[in-house]
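Report on the following structure.
The first residue in the sequence is number 1, and the count goes up from there. The model shown is predicted, which means the values in this text are computed figures rather than measured ones. Below, each value reflects all heavy atoms present in this structure, side chains not excepted, and no hydrogens, waters or symmetry copies.
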Amino acid sequence: MAEVCRVRSSGTMIVLTLVVAVLSVAGCNGAKQPHIVFIVADDLGWNDVGWHNPAMITPTLNRMASEGVILNSSYVQYLCSPSRTSFMTGYFPYRTGLQHEVIAAGQPRYLPAHFTTLPEMLGKQGYRTHIVGKWHLGMCNWKYTPTERGFESFFGYYSGMEFYYNHTRLDGYDFRANKSVALDPTRTYADYLFVDHALDIIEKHNPEEPLFLYLPFHLVHVPHEVPARFENMYSSIQDDYRRIYCGMVSMLDEAVKNVTDALEKAGLTDNMFLIFTTDNGGPTFNGANNLPLRGAKATYWEGGTRGAGFVHSKNLLQKTGYTNNGMMHAADWFPTLLHLAGSKPDSDIDGVNQWDMLSTGVDSPRTTFVYNIDNITRAAAIRHGDYKLMVGSPGGWNGWYPLPKLHAQLKEQLAHDAEDVDRQWKPQLYNIKEDPEERHDLSSQMPEMMKFLQGELEKYRQKEVPPQNAPYDPAGDPTHFGGVWTPGWC
């Protein structure tokens, strides 16, 4: 088995998927390079944050959102691995081979090594680069793991999910400190450990060096596990899934507070840019909620792809305290953060630099983006201006799901909608500005717009990379590695 180290535990709380970027515009007015903290919440629904739903107890996130800029049209991918691909490379996932579903445990799938990652680029600019939390971009070979992709340290897990207390996925243990197995004999909740480790990085960091701290937390992904004090904050909710899920959101909020308090104490927030984002829409089938948007995680509807998020900075944003409606995509963080670090992409990526929009409120430079192109499912979606075209199945959960009183009340509708993934869907057209809930299909009323968008989609298809779809490989089974998910078998 691989080298082993032990992890430290404490009562410090953990954060959800949020991008906190501590930055100042390098080379502009002689300013120092900013620290960048990128926090990503896992599976956070549109209606699961306090600035959209006052019933959610998220005081820290609410405060930071109100002090910064709330992003009302910031798009992510429909699932975990595809979004993380865009964050790390600046490409739409269909150009990397990771557009189809997610990397499941034991699959020899990965972000190909020839793609230059965000931490690699920032490292060249002198940044100290750390990741704490979820990777989910491949681990069948060491060259696909975080410390081989530009991060100087890694503390977290490789796969898409695991149990919070025992750190296992299926039949294997999945918890690492760099390349060593990180044993946790106290069986401490994973996100407590993540926050604790993040605080250690912050406390030891030399403030004269620029910091890139990527915090892709496990919260609020299943399994439904949370310390009782958070679940009890929502004792009036009858539905078990929803009550526990909401408790996990509040735990995330406390985690963000603890991390940002530490950044403040260390003197890093004076020159910091904070991004908070989810990685995909909320899984309504697991207690999340996306109202008033349609759909859920794993769909191309707005409820699966429009991400709750905001940016925050004490010194870098010229206009704050408002909601920005400019179009933005997950791939845009790559060139935007490079710009703040005094660099730019070295390849023809899909992301565009959004700094002017974020910092001053001017119009977004983006007019078009691709939700996805997947030739396995024969489904695709594109938006240009206000109009969105979907071709093929948008996914398995296609309705507008109310807040559940009891999960059983949603179960029948969810089961029925899940069958829709195999249904024959005709192309659909929506005006997202006027109809963000996607209730009025305009395909029969606007044939010229349909023709235009279908033509645009075909142009993008020309750059599609065949999707990776390798099945489970027994060579990677943890039984071959002392019960631990371990690289080195592909």
Thr89/Ile349 under side chain to side chain contact (heavy atoms under 4.5 Å, CB included): CA gap, chis, key distance, verdict
CA-CA 8 Å; Thr89 69; Ile349 62 171; over 6 Å; no

Between atom [atom1] of [X] and atom [atom2] of [Y], what is the distance when rounded to the nearest 0.5 Å?
| X | Y | atom1 | atom2 | result |
| --- | --- | --- | --- | --- |
| Leu111 | Tyr144 | CG | OH | 9.5 Å |
| Asp346 | Thr116 | CG | OG1 | 5.0 Å |
| Leu358 | Asp332 | CG | CG | 9.0 Å |
| Tyr214 | Phe151 | OH | CZ | 6.5 Å |
| Asp253 | Met64 | CG | CE | 9.5 Å |
| Ile382 | Ile373 | CD1 | CD1 | 7.0 Å |

Those residues that, when tested against [X], pass side chain to side chain contact (heavy atoms under 4.5 Å, CB included) (two or more places apart):
| X | value |
| --- | --- |
| Ala104 | Gln107 |
| Val222 | Met161, His224, Asn286 |
| Thr367 | His384 |

Should Lys257 and Glu254 be marked as a salt bridge (Lys or Arg N to Asp or Glu O under 4.0 Å) after you check the CA-CA gap, both sets of side-chain angles, and the distance that decides it?
CA-CA 5 Å; Lys257 179 182 187 302; Glu254 185 174 301; over 6 Å; no

Check each of Glu302, His329, Gln77 against Tyr371 using the side-chain hydrogen bond (donor to acceptor under 3.5 Å, both in side chains) test, and report the only one that passes.
Glu302

Look at the side chain of [X] and the backbone N and O of [Y], then say whether any donor-acceptor pair between them is shorter than 3.5 Å.
| X | Y | answer |
| --- | --- | --- |
| His218 | Tyr164 | no |
| Tyr245 | Asp48 | no |
| Thr284 | Ala296 | no |
| Thr60 | Val256 | no |
| Thr129 | Glu152 | yes |
| Ser364 | Gly326 | no |
| His100 | Asn375 | no |
| Thr336 | Gln354 | yes |

So, for [X] and [Y], which heavy atoms are closest and what is the spacing to 0.1 Å?
| X | Y | answer |
| --- | --- | --- |
| Thr486 | Arg176 | OG1-NH2, 3.1 Å |
| Ala381 | Tyr300 | CB-CD1, 4.0 Å |
| Met121 | Pro345 | CE-CA, 4.3 Å |
| Leu118 | Leu337 | CD2-CD1, 3.9 Å |
| Asp42 | Asp279 | OD1-OD2, 3.0 Å |
| Asn398 | Trp425 | ND2-CZ2, 3.6 Å |

Check whether the side chains of [X] and [Y] place a donor and an acceptor atom closer than 3.5 Å, and report yes or no.
| X | Y | value |
| --- | --- | --- |
| Tyr165 | Asp184 | no |
| Asn324 | Asn72 | no |
| Asn271 | Asn315 | yes |
| Thr145 | Glu148 | no |
| Ser86 | Arg95 | no |
| Asn178 | Ser180 | no |

Side-chain ion pair, Arg109 and Asp473, N-O less than 4.0 Å
no

In this structure, is the centre-to-centre distance between the rings of [Y] and [X] below 6.0 Å?
| X | Y | answer |
| --- | --- | --- |
| Trp397 | Phe285 | yes |
| Phe194 | Phe175 | yes |
| Tyr127 | Phe212 | no |

Tell me whether the count of non-hydrogen atoms from other residues, nucleotides or ligands lying under 6.0 Å of CZ in Arg378 goes above 12.
no

Ring pair (Phe, Tyr, Trp, His ring centres under 6.0 Å) with Phe155: of His130, His197, His167, only one passes, and it is His197

Residue pair Asp350, Arg366: steps toward the salt bridge (Lys or Arg N to Asp or Glu O under 4.0 Å) verdict:
CA-CA 10 Å; Asp350 297 303; Arg366 179 175 287 285; over 6 Å; no

I need the single residue from Val76, Asn290, Ile432 that forms a side chain to side chain contact (heavy atoms under 4.5 Å, CB included) with Arg306. Which is it?
Ile432

